[in-house]
Amino acid sequence: MKYFCAGFLLLLSSCNTRNDQIIEGKKIPIHEINEGEIIKGSSVLALVGATLVDGNGGSPVPNSCVLIRNNRIERAGKKDEIDIPENATRMDVTGKTILPGLIDAHYHNEESMDMAFMFLTHGVTSVRDPGAWIEAYDSVRAGGKSLPRLFLTGPHINTFPPAYPADSYIVQDEEEGRLAVGNLVKQGATAIKVYYGLPIGIIREVCRTAHIHGLPVTAHLEITHAVDAINAGLDGIEHITSFGTALLPPRQAEKYKQTVMADNDARKRGRYEVWSTLTLTGNPRVDSLVAFLAAKKTFISPTLAIFEKRPDSGDSVEVRGFQNMVKFAGLIQKGGGRIVVGSHTWVPYAEPGFAYFREMELLHEAGLDNLAIIRAATIENARFLGVSERLGSIEAGKIADLIVVEGDPVHDIRDMRNVTDVMLNGAWIYSTKPAKDQ
């Protein structure tokens with residue numbers, strides 16, 4: 001295999017802060033923190049013969065052509081309907097599938113020097129880390145390897161005591177929440193993440209301030225009532241377990257909340273106990289919440305893979321609890337909710353670098369059809385990140401982030417693991433083909 005890495009990086013200090021002329025209250029475009037470090041394609045390329053799955057959810061296009069000029073998609077559709085310029089380099093991808101680059105809504109690098117590059121070679125061209133200091137990425141960005149587009153939130157905005165002190169930005173009232181958002185925006189945050197335990201009033205002020213800047217707000221709730229938090233302004237929810245207290249009777253929800261507030265570790269098994277008790281069919285709380293999520297158009301990143309329990313790894317309570325988590329994710333999608341794909345990076349039933357595909361497979365288990373899963377991984381995630389005007393689908397005018405897959409993932413989602421080629425910004429980053437065949 002060959003790896004095509006950028007030959008140089010811009011000074012990190014120039015990319016870690018926003019332009020000094022950007023002031024609080026002025027809406028800013030959302031751009032990845034490493035935008036200036038990504039090599040740009042400079043060729044005219046025609047990818048011909050593959051089945052095109054454009055990410056928008058429409059029917060696949062067999063025997064397609066994707067025409068790329070520099071780093072932009074110029075045309076995409078049936079091969080016999082596209083005039084290929086004489087100066088274009090043709091690449092025959094007959095028998096394969098072309099898709100947009102995958103977007104990971106919930107990636108954790110955890111100081112790894114290799115994982116982001118590994119995700120990129122597996123077709124994940126954009127990632128959002130919802131809870132790490134932006135400077136924590138300095139070392140991997142300086143490591144010389146090509147990286148996905150890095151959309152970062154900065155640390156969780158939380159109150160004391162935080163669940164993860166090293167990744168938390170502590171605020172004590174609405175004004176501190178407002179100031180925290182402003183500081184994270186100046187550092188280059190592309191979204192804001194709030195953590196469970198944060199009072200609804202502060203969540204509301206965080207959302208109000210972030211929306212002034214044009215940034216979405218997402219949350220890990222767990223013990224915070226999801227309906228109240230979404231009504232306060234949240235755009236997204238991380239983890240299917242964030243809905244547990246909204247599905248329990250109030251007395252049980254309060255008991256669980258107080259238990260976790262007294263001992264953060266209680267949630268590790270407690271969440272399975274909560275979910276194992278739920279009856280999802282014919283439950284008015286379930287039906288009401290599903291309808292609410294659809295009406296609010298809230299983005300949901302279930303991260304099922306991090307919670308996966310099977311008979312070989314958990315007891316009956318954990319296995320039953322996980323089964324209900326999977327089932328509820330399917331109910332959200334069936335009810336018109338907006339599911340997106342987030343890997344959590346490190347999960348029990350996937351080898352390093354393959355957590356994203358495990359999450360896709362679990363969404364299939366939840367009942368999503370494969371086109372819906374691909375849509376959740378591409379254009380829906382681009383909308384969640386606020387970058388759908390340039391990323392997330394293969395269509396004229398979009399940036400050429402795309403992948404080539406051996407097989408037919410519309411028929412079998414497991415074929416998503418068979419990535420043979422990865423293009424980022426119009427340049428080949430990874431390929432299993434010899435150079436002469438490119």
Side-chain angles (χ1 to χ4, degrees), residues 5-6 8-19 22 27-41 71-72 100-109 112 115-121 123-155 184-193 210 213-218 235-236 299 301 340-343 345 356 377-393 398-403 422-427 429:
C5 299
F8 63 91
L9 297 175
L10 297 181
L11 292 174
L12 295 180
S13 59
S14 68
C15 298
N16 278 340
T17 57
R18 294 207 182 272
N19 189 300
I22 298 296
K27 185 175 180 180
I28 52 179
I30 295 177
H31 290 285
E32 56 274 34
I33 197 73
N34 60 334
E35 182 180 28
E37 301 159 18
I38 299 173
I39 194 169
K40 181 179 178 180
N71 72 327
R72 294 278 175 173
L102 305 174
I103 299 173
D104 191 342
H106 198 110
Y107 170 88
H108 292 298
N109 196 60
S112 173
M115 189 59 70
F117 174 66
M118 188 184 300
F119 263 52
L120 179 58
T121 63
V124 180
T125 54
S126 295
V127 300
R128 176 196 275 165
D129 189 323
W133 291 88
I134 290 172
E135 53 265 42
Y137 277 81
D138 285 356
S139 59
V140 68
R141 289 169 63 196
K145 293 181 178 179
S146 294
L147 301 176
R149 300 179 190 275
L150 299 175
F151 296 91
L152 310 179
T153 70
L184 292 173
V185 167
K186 290 174 184 176
Q187 293 172 21
T190 61
I192 300 297
K193 166 84 171 290
H213 290 284
L215 298 188
V217 183
T218 191
D235 304 284
F299 292 98
S301 178
V340 295
V341 182
S343 73
T345 309
Y356 193 93
T378 55
I379 191 62
E380 281 298 295
N381 250 340
R383 289 170 179 150
F384 187 20
L385 270 61
V387 294
S388 59
E389 79 287 348
R390 59 191 177 99
L391 299 174
S393 60
K398 293 282 187 85
I399 292 176
D401 287 4
L402 55 84
I403 62 176
V422 179
M423 176 176 285
L424 179 68
N425 208 30
I429 299 297

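Count residues from 1 along the sequence.
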key: Thr125 and Leu102, any side-chain heavy atoms less than 4.5 Å apart   = no
Worked verdict on Ser146 versus Leu424 for side chain to side chain contact (heavy atoms under 4.5 Å, CB included) = CA-CA 9 Å; Ser146 294; Leu424 179 68; 5.6 Å; no
query = Can you tell if the side chain of Asp104 reaches within under 4.5 Å of the side chain of Phe151, non-hydrogen atoms only?
reply = no
query = Which residues pass the side chain to side chain donor-acceptor pair (under 3.5 Å) test with Thr218, sequence neighbours left out?
reply = Glu238
message = For Pro148, is there any backbone N or O sitting under 3.5 Å from a side-chain donor or acceptor partner on Asn34?
response = yes
inquiry  = Is any side-chain heavy atom of Ser343 closer than 4.5 Å to one of His108?
reply    = no
message = Would you say that Leu215 contacts Val185 through its side chain, given a criterion of any heavy-atom pair below 4.5 Å between the two side chains?
response = yes
Residues that Pro216 engages under side-chain contact (heavy atoms from CB on, under 4.5 Å), provided they are two or more places apart = Ile30, Arg128, Ala191, Asp235
message = Can you tell me how the ring of Tyr107 sits relative to the ring of Tyr137, calling it parallel under 30°, perpendicular over 60° and tilted otherwise?
response = tilted
key: Partners passing side chain to side chain donor-acceptor pair (under 3.5 Å) against Arg72 (at least two apart in sequence or in another chain)   = none
query = Mind checking what makes side-chain contact (heavy atoms from CB on, under 4.5 Å) contact with Ala400, not counting sequence neighbours?
reply = Ile68, Ile73, Met423
query = Are any of the side-chain heavy atoms of Leu152 and Pro130 separated by less than 4.5 Å?
reply = no
inquiry  = Under the criterion side chain to side chain contact (heavy atoms under 4.5 Å, CB included), I'd like the reasoning laid out for Thr378 against Ile103: C-alpha separation, chi angles, the key distance, then a yes or no.
reply    = CA-CA 6 Å; Thr378 55; Ile103 299 173; 5.6 Å; no
remark   = Looking only at heavy atoms, the pair that brings Ala382 and Gly392 closest together is CB-CA, 3.8 Å
ask   = Looking at side-chain heavy atoms only, is the closest gap between Asp401 and Pro100 below 4.5 Å?
value = no
ask   = Do Leu150 and Val127 have side chains that get closer than 4.5 Å, going by heavy atoms?
value = yes
task = For Lys193, check salt bridge (charged side-chain N to carboxylate O under 4.0 Å, His left out) against everything at least two apart and list the hits.
result = none
ask   = Listed by chain and number, what are the side chain to side chain donor-acceptor pair (under 3.5 Å) partners of Asn425, not counting sequence neighbours?
value = Asn71, Arg149
request  = Before accepting this row, confirm whether a basic side-chain N of the pair Glu32/Arg141 lies closer than 4.0 Å to the acidic partner's carboxylate O.
outcome  = no
key: Sidechain-backbone polar pair: Ser301 side chain, Ala105 backbone, donor-acceptor under 3.5 Å   = no
